[in-house]
Amino acid sequence: MKKIEAVIRHYKLEDVKNALTGAGVDGMTVTEVRGFGRQRGHKEMYRGAEYTVDFLPKVKLEIVVPDKMVRDAVDTIIRVARTGQIGDGKIFVTDLSEVIRIRTGETGEEAL
Amino acid sequence: MKKIEAVIRHYKLEDVKNALTGAGVDGMTVTEVRGFGRQRGHKEMYRGAEYTVDFLPKVKLEIVVPDKMVRDAVDTIIRVARTGQIGDGKIFVTDLSEVIRIRTGETGEEAL
Amino acid sequence: MKKIEAVIRHYKLEDVKNALTGAGVDGMTVTEVRGFGRQRGHKEMYRGAEYTVDFLPKVKLEIVVPDKMVRDAVDTIIRVARTGQIGDGKIFVTDLSEVIRIRTGETGEEAL
Amino acid sequence: MWLVRRFALPTLLFLIFHGNFAFADDPAPTEGGAAAAVTPPANPPDPRLALPDLSAGDTAWMLISSALVLMMTAPGLALFYCGLVRKKNVLGVMMQCFFLMGILSVVWAVYGYSLAFGTDGFGSLLGGGQYLFLKGVMPTWSESTGAVVPMMGSIPRSIHMVYQMMFFIITPALICGAYAERMKFSTMVVFTLLWSTLVYCPLAHWVWADNGWLNSANAAATFPAFDFAGGTVVHISSGVSALICALLIGKRLGHAQEPMPPHNLTYTCVGAALLWVGWFGFNAGSALASNALAANAFVATHLAAAAGTVAWAGAEWVLRGKPSILGACSGAVAGLVCITPGAGAVNPMSGIIIGLCAGIVCYQACNMKAKFGYDDALDAFGVHGVGGTLGAILTGVFATAAVVPGAKTAQGLIEGNSGQMVNQAVGVGAAIALGAIGTLVLLKTLDAVMGLRVSQQDELQGLDVSQHGEEGYIFL
Amino acid sequence: MWLVRRFALPTLLFLIFHGNFAFADDPAPTEGGAAAAVTPPANPPDPRLALPDLSAGDTAWMLISSALVLMMTAPGLALFYCGLVRKKNVLGVMMQCFFLMGILSVVWAVYGYSLAFGTDGFGSLLGGGQYLFLKGVMPTWSESTGAVVPMMGSIPRSIHMVYQMMFFIITPALICGAYAERMKFSTMVVFTLLWSTLVYCPLAHWVWADNGWLNSANAAATFPAFDFAGGTVVHISSGVSALICALLIGKRLGHAQEPMPPHNLTYTCVGAALLWVGWFGFNAGSALASNALAANAFVATHLAAAAGTVAWAGAEWVLRGKPSILGACSGAVAGLVCITPGAGAVNPMSGIIIGLCAGIVCYQACNMKAKFGYDDALDAFGVHGVGGTLGAILTGVFATAAVVPGAKTAQGLIEGNSGQMVNQAVGVGAAIALGAIGTLVLLKTLDAVMGLRVSQQDELQGLDVSQHGEEGYIFL
Amino acid sequence: MWLVRRFALPTLLFLIFHGNFAFADDPAPTEGGAAAAVTPPANPPDPRLALPDLSAGDTAWMLISSALVLMMTAPGLALFYCGLVRKKNVLGVMMQCFFLMGILSVVWAVYGYSLAFGTDGFGSLLGGGQYLFLKGVMPTWSESTGAVVPMMGSIPRSIHMVYQMMFFIITPALICGAYAERMKFSTMVVFTLLWSTLVYCPLAHWVWADNGWLNSANAAATFPAFDFAGGTVVHISSGVSALICALLIGKRLGHAQEPMPPHNLTYTCVGAALLWVGWFGFNAGSALASNALAANAFVATHLAAAAGTVAWAGAEWVLRGKPSILGACSGAVAGLVCITPGAGAVNPMSGIIIGLCAGIVCYQACNMKAKFGYDDALDAFGVHGVGGTLGAILTGVFATAAVVPGAKTAQGLIEGNSGQMVNQAVGVGAAIALGAIGTLVLLKTLDAVMGLRVSQQDELQGLDVSQHGEEGYIFL
Ligand SMILES: Nc1ncnc2c1ncn2[C@@H]1O[C@H](COP(=O)(O)OP(=O)(O)O)[C@@H](O)[C@H]1O
Ligand SMILES: Nc1ncnc2c1ncn2[C@@H]1O[C@H](COP(=O)(O)OP(=O)(O)O)[C@@H](O)[C@H]1O
Ligand SMILES: Nc1ncnc2c1ncn2[C@@H]1O[C@H](COP(=O)(O)OP(=O)(O)O)[C@@H](O)[C@H]1O
């Protein structure tokens with residue numbers, strides 16, 4: 001069991017979701033985040049004050065998949081979420097020691 | 001040290017929090033998330049346009065506990081958050097290599 | 001590769017971000033969260049009803065760094081985010097099995 | 001769905017047909033027919049009423065007053081209420097207010113005004129068919145003089161009709177506060193249609209029709225009660241009905257277990273401010289003219305709202321240590337409700353006292369709710385029921401001949417006319433009885449026929465999505 | 001930037017200079033000059049117009065009506081529209097409305113009013129320089145009598161000017177709904193300046209100027225069409241232009257692929273309610289007096305809005321199983337649009353029928369959009385174009401002598417005057433032609449000169465940040 | 001708490017008692033007593049003032065103008081300001097505006113109006129007890145003629161009282177912009193009560209009371225300055241006081257270190273639009289009649305707002321590359337502030353020039369703030385202080401006999417009356433001096449007695465929770 005965390009651009013969410021379900025992923029959890037990195041922020045001006053906003057809105061996907069599906073899932077995300085512009089985002093993969101479905105108490109792959 | 005991530009229904013948050021504190025958990029961090037899975041979404045209509053919303057609002061709990069408490073915590077969550085309806089959510093457990101309390105710099109179990 | 005998760009106070013975000021970039025961290029992802037812990041909540045009153053709010057607004061930083069930088073990063077966060085008051089927050093460190101930059105497909109340290 | 005087929009469609013067709021019909025052979029009303037209604041139903045006699053010609057100034061004031069009272073329902077009340085519910089029900093509340101603006105306006109034009117203000121029906125109890133489909137209401141120009149008929153004092157009767165229409169709209173909308181966050185939309189619509197026909201129209205007739213048995217302007221009234229702008233007709237009736245609704249429909253899921261704080265107090269504050277502004281049309285407009293009586297009502301209304309704000313927030317400050325904006329807003333509304341029946345009958349300085357009482361009493365009423373344990377979600381009873389009743393009583397106390405043009409005799413208790421207290425009490429009792437019984441019967445019936453509440457599933461999901469297929473905010 | 005230098009600065013300087021100049025030797029207009037314009041451009045003759053003195057009542061009503069119509073653009077329309085876009089473009093839409101309030105007001109004072117209402121220019125086609133820089137518009141007091149000149153009926157002409165200014169502002173603002181979320185702000189400003197000069201002013205002249213060829217109040221009109229408050233001038237013109245805009249500027253990125261739900265329907269509902277309230281100034285104010293005609297327009301307007309609300313939401317309820325708040329709000333606006341040309345010409349009961357038709361027809365029009373596949377983002381065409389056209393036709397059908405003071409002859413089809421249908425049709429055709437062609441030419445030119453759309457990058461980022469360097473909500 | 005006990009409760013009791021008392025033996029004022037006040041304090045003589053009877057048209061306009069000015073404070077100003085602060089302080093700002101609506105209204109009725117407009121006190125410096133508790137203010141009907149007394153020109157004096165009350169409310173509310181996000185609520189209330197008594201009332205007397213030494217309508221005035229609608233009384237006084245507040249209370253925690261962008265510019269835009277609409281009541285209402293003078297003020301006000309919008313946003317466009325909606329809204333407000341003193345004294349085309357100057361000058365003023373480093377959080381000084389001063393001067397420049405009924409002599413510099421510039425300067429100086437010194441003394445005292453700021457802890461948590469125990473938005 002692995003957890004894939006992918007930080008991507010907002011407007012890529014729909015496509016990525018569809019591609020992933022196509023690739024056999026049954027579920028995912030999405031969080032609104034703000035990201036800071038190489039991508040340059042923008043200036044905002046309010047009367048006298050000027051700010052540089054360098055935390056940019058992104059979405060973070062959390063997808064738990066069986067080890068064997070990780071490669072696929074990651075490749076799918078890269079393929080669909082990439083624009084080639086700085087700011088496309090990152091993918092982080094972590095090990096999970098356990099997964100449980102609350103409704104049934106099932107664990108492991110059955111829980112997905 | 002383990003981190004328990006639980007994606008549950010909104011209206012279960014209060015109960016789960018109380019049950020967990022009852023079970024001796026001292027703290028937790030909560031995030032608003034949107035989840036996609038087996039649970040069917042709903043339709044929304046705006047004039048001509050019709051959308052199916054399949055990202056549903058959920059809350060994600062992050063709870064860090066000593067290894068020995070994991071079982072308890074997980075069981076508590078399952079017990080309280082379960083409705084038996086599709087969409088009750090999932091629990092993911094991960095290993096933590098370190099935990100620090102910022103205020104004191106304490107690490108490990110003392111940090112909780 | 002390690003992922004540092006730090007739950008800190010809202011108004012410390014700017015300082016922490018600057019300090020971390022100073023310490024050579026190139027990026028981070030920020031999430032709005034609500035935290036429950038030792039820090040006492042506050043009362044809110046709406047006409048007849050009175051509530052105790054014990055989920056307090058916090059921000060969670062996720063910072064992925066090469067193993068050798070973890071110490072630095074953690075110390076920086078502790079130094080800057082500390083006020084000494086209950087509620088300063090926590091730091092959790094996890095292992096990552098993989099990191100990928102979507103734009104280029106680079107993996108490992110190059111991906112950061 | 002069955003409901004829609006059974007109810008919505010026929011109504012539409014009915015309206016189109018009859019509207020047409022009414023249009024086709026709508027006879028210009030005889031001037032006589034108009035003359036029959038020269039004195040205004042509401043409030044004490046007004047010198048102007050002697051002169052029959054149209055006053056552009058009075059007309060201007062009544063046009064804008066009508067617009068102000070409409071503004072009270074939406075955006076005013078819609079914002080005030082929607083800010084108090086949880087995010088998932090924000091549209092549900094707004095839709096109730098907005099949709100009622102639509103359906104009730106049509107009803108009023110078709111038969112509501114006729115039932116409430118007609119004088120050809122069941123005497124002092126209810127109007128008849130006199131004004132069905134606005135027959136004899138819309139302006140025509142007399143061949144001979146070119147003068148406008150029918151008039152209502154110095155304004156065209158059509159303006160009186162549309163002004164009163166706005167009251168007809170807001171009254172049931174106030175009840176929404178009681179069953180918010182759980183009532184089925186279809187049932188809400190049917191209930192409101194029946195309630196406004198069977199409760200509002202008779203009550204309005206009793207209090208404001210030329211031959212109403214409670215109308216203080218009707219020399220033949222059995223119990224001439226003062227209700228200048230609708231304390232009994234609008235606030236007591238809706239407030240009491242709200243209580244019955246809260247009791248019959250039951251508590252919201254999770255009530256008293258999970259927190260249900262207002263999701264957007266900025267809306268509630270804006271709503272309260274708009275209600276305050278709109279209330280000038282509601283109270284000062286009830287003079288039906290732009291004269292000194294309107295001026296008195298305007299000032300009294302404003303001071304009562306101000307005093308209510310200070311009283312409620314002040315009470316919180318003293319008893320809880322902090323004044324809240326919800327308290328300030330609630331106090332303003334309480335003050336406005338309480339001054340409504342007396343705005344044209346009391347001295348504005350008394351308005352301050354009335355406002356202070358309103359703020360403190362309604363504040364306590366809302367606190368009590370918890371003890372009794374019914375779930376009047378947005379305190380429609382605590383503010384409108386309690387405030388309206390208090391206002392009717394205090395009007396009996398503070399009414400004074402000083403503010404009534406041409407009044408010679410003592411008016412209120414403070415001037416020694418204790419008899420008026422009886423009339424006020426009877427007015428209150430009548431409104432409570434009609435409102436409570438009417439609502440009870442209607443809800444029991446509808447509960448059996450179509451059910452009052454949405455399914456548990458739908459309630460948890462929220463009315464926005466479950467009833468209307470929409471979300472209020474999409475901030476992602 | 002080049003644009004700003006090339007355009008904004010010179011304008012400012014120009015204005016300051018000329019404003020100054022105009023001020024310096026602004027001759028008090030001769031009373032004769034005023035007399036020339038004693039009959040009001042809009043709507044049927046009004047008995048009051050005989051008397052030349054200023055009526056405080058009529059003046060009060062027209063002052064407040066002007067304020068109400070301004071309120072329609074902002075906050076009314078600004079809220080109605082901004083709630084329908086995605087969060088990242090919320091300020092973009094509001095800014096379009098708000099900035100136009102600024103720039104167009106100045107334009108109207110400088111030359112707009114003169115082009116639209118001057119009678120010294122190109123006869124029935126366009127006004128001349130008569131009123132440039134408000135020359136001969138602002139009130140002065142005649143030495144002898146102390147009477148105010150120039151007048152427009154019973155109100156100072158300056159009020160007619162500022163009242164019409166508000167129409168001049170809202171009309172192009174309505175078009176924003178079509179190109180929302182993707183148009184370059186600079187191009188939007190230039191387009192609007194040209195459009196309002198070359199399309200609005202001529203059209204307003206045709207329909208409302210004393211010598212306009214479509215003005216039903218002009219005995220010499222070639223095709224005297226009824227347009228009481230601007231169905232053709234305001235709604236058809238903007239609606240048709242909106243369609244052309246949507247076609248030429250193309251779809252939003254991701255249109256029909258990703259969901260683009262309204263980000264804040266609470267704003268849309270509040271906006272709709274404010275539009276409803278403001279529309280009383282728009283329609284009843286078009287009587288240019290506080291009289292029975294205004295009363296008729298007021299009632300007809302309100303009932304049409306109400307019926308539209310019920311019809312649209314009802315249609316959704318029947319056809320989709322759920323009535324939506326967006327439907328209710330859209331229906332209200334559709335009803336208001338549709339009654340606009342007839343408010344002062346039809347019986348209010350017909351207003352109900354007109355509103356019902358508007359709700360159902362516009363609902364269908366919006367559904368059709370998907371089939372044709374153009375991206376009229378906020379349905380400016382579906383509601384204003386379709387509703388305005390429908391309204392012009394139905395006005396021809398239901399117009400009646402009964403509501404027009406002093407009218408002796410049959411007015412509409414239902415009274416047997418089928419000829420009026422031709423006039424209405426010509427009016428509609430003229431508005432469509434001028435609007436469509438004008439917009440087409442302007443956009444094609446501007447596309448070549450400065451480009452219509454923001455860059456893809458900017459569109460994805462949102463107009464708030466890319467065009468204005470601001471964010472709408474910062475809730476963190 | 002001690003404060004509440006020491007202050008709030010006694011006040012309530014005091015009011016109830018005296019209100020009652022005042023009510024009990026409130027003698028109907030003798031017509032003589034009324035006659036004493038027949039000429040209106042504000043603005044140039046008005047022909048109507050000769051005739052004593054009540055004009056329904058003027059009364060209608062003044063009633064609605066009063067409502068519009070109330071609307072300026074809330075929701076207008078409340079929205080404009082609350083959108084500019086951070087989310088955690090949104091209710092804090094709204095509460096300041098809303099609570100002041102309550103407390104100040106009562107104060108005005110009890111003694112404020114008497115101090116400001118009484119003529120029996122300290123001559124040209126301050127009023128006396130003439131109108132305490134509205135004695136001799138509320139309408140009564142003369143036995144003989146049935147005419148209303150007391151009048152103020154063609155409207156009941158009570159309307160003048162309530163209209164001026166709205167000015168009394170909004171002026172201190174404007175100051176909130178300076179100390180936003182950090183001032184203790186209790187101190188804010190006390191400060192405002194003292195400030196409005198000791199600064200506003202005297203200043204209003206100087207400028208508007210029949211015997212005020214700055215009143216241009218007072219033949220005996222030492223320095224007759226033009227202040228049609230309150231440029232000095234409202235804007236300079238509040239703006240200057242705001243500056244002192246910002247200096248004395250100090251910067252917000254984290255000011256200039258962390259970003260503090262407006263949390264909801266949609267509110268700010270809606271607020272600005274409502275201020276614009278409400279300002280018609282503020283300026284055109286200051287004619288105290290619905291006449292040609294009101295019409296001139298209406299048009300001048302609108303054009304100045306429009307020009308200010310274009311100027312500020314245009315300046316940003318040129319100097320920063322992007323026009324912002326905050327800029328457009330700020331420009332509109334700046335234009336409105338700047339035209340306030342001259343609305344009834346200048347030609348509307350000059351209004352455009354005044355608006356353009358306002359937009360550019362205030363824009364620069366706000367930019368300068370950063371250099372000086374004081375933290376006038378919402379630019380109350382930059383907009384109201386600077387704009388108000390500029391307006392007073394420009395009024396002296398552009399004032400013209402052309403717009404003043406019956407004025408024979410030259411008015412402003414441009415007509416060659418350079419002497420007026422002196423009067424204007426003295427008026428400005430007096431307002432600045434009184435405002436600055438009064439605020440300085442009051443704040444120093446209160447700082448010692450009860451402290452100006454909330455605790456650091458509370459400031460970080462936000463005023464909503466710490467001062468009022470509420471949250472603005474709960475979107476979860
Ligand atoms: N070291 C990091 N730790 C956590 N998140 C990161 C890190 N670096 C980047 N991110 C996330 O990835 C997003 C994109 O990174 P960025 O460097 O801007 O572009 P790219 O990934 O194309 O080089 C950032 O907005 C941030 O959310
Ligand atoms: N593979 C997954 N990875 C991450 N989160 C998931 C995954 N599957 C489901 N979830 C989360 O769990 C929630 C509930 O899952 P769902 O399949 O709808 O119901 P159930 O868990 O009862 O089968 C989803 O809304 C989503 O947030
Ligand atoms: N066991 C835990 N698991 C996850 N998050 C925690 C846990 N304990 C505390 N937190 C997070 O850390 C924040 C601060 O913790 P708290 O106990 O209030 O103060 P301190 O860390 O100074 O003792 C909490 O608001 C919560 O977000």
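All values derive from a computational prediction rather than experimental measurement.
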(request) Would you mind checking which part of E:Pro75 comes under 4.5 Å of any heavy atom in chain F, side chain (CB onward), backbone (N, CA, C, O), both or neither? (result) both

(message) Restricting to side chain to side chain donor-acceptor pair (under 3.5 Å), what partner residues turn up for E:Thr268, sequence neighbours left out?
(response) none

(request) To the nearest 0.5 Å, tell me how far E:Trp141 CH2 sits from F:Asn291 CG. (result) 7.5 Å

(message) Donor-acceptor pair, distance only, cut-off 3.5 Å: does the side chain of E:Glu470 make one with the backbone of F:Leu265?
(response) no

(request) Please answer whether the main-chain N or O of F:Pro323 pairs with a side-chain N or O of E:His468 as donor and acceptor at a distance below 3.5 Å. (result) yes

(request) Pick one of side chain, backbone, both or neither for E:Ala67, based on which atoms fall under 4.5 Å of a heavy atom in chain F. (result) both

(message) Is E:Met165 close to chain F through its backbone or its side chain, or both, or neither, when contacts mean heavy atoms under 4.5 Å?
(response) side chain

(request) Tell me, please, which residues at least two apart from E:Gln467 pass side chain to side chain donor-acceptor pair (under 3.5 Å). (result) none

(message) Whether the side chain of F:Lys87 engages the backbone of E:Tyr473 through a donor-acceptor N/O pair (distance < 3.5 Å, no angle test) should be reported.
(response) no

(message) Please classify the contact between E:Thr73 and chain F as side chain, backbone, both or neither, with a heavy-atom cut-off of under 4.5 Å.
(response) neither

(message) Using heavy-atom distances under 4.5 Å, tell me whether F:Cys329 contacts chain E through its side chain, its backbone, both, or neither.
(response) both

(request) Tell me, for E:Leu63 versus chain F, whether the close heavy atoms (under 4.5 Å) come from the side chain, the backbone, both or neither. (result) both

(request) Identify which part of F:Ala292 has an atom lying under 4.5 Å from any heavy atom of chain E, answering side chain, backbone, both or neither. (result) both

(message) Does any backbone or side-chain atom of F:Ala305 lie under 4.5 Å from a heavy atom of chain E? Answer side chain, backbone, both or neither.
(response) neither

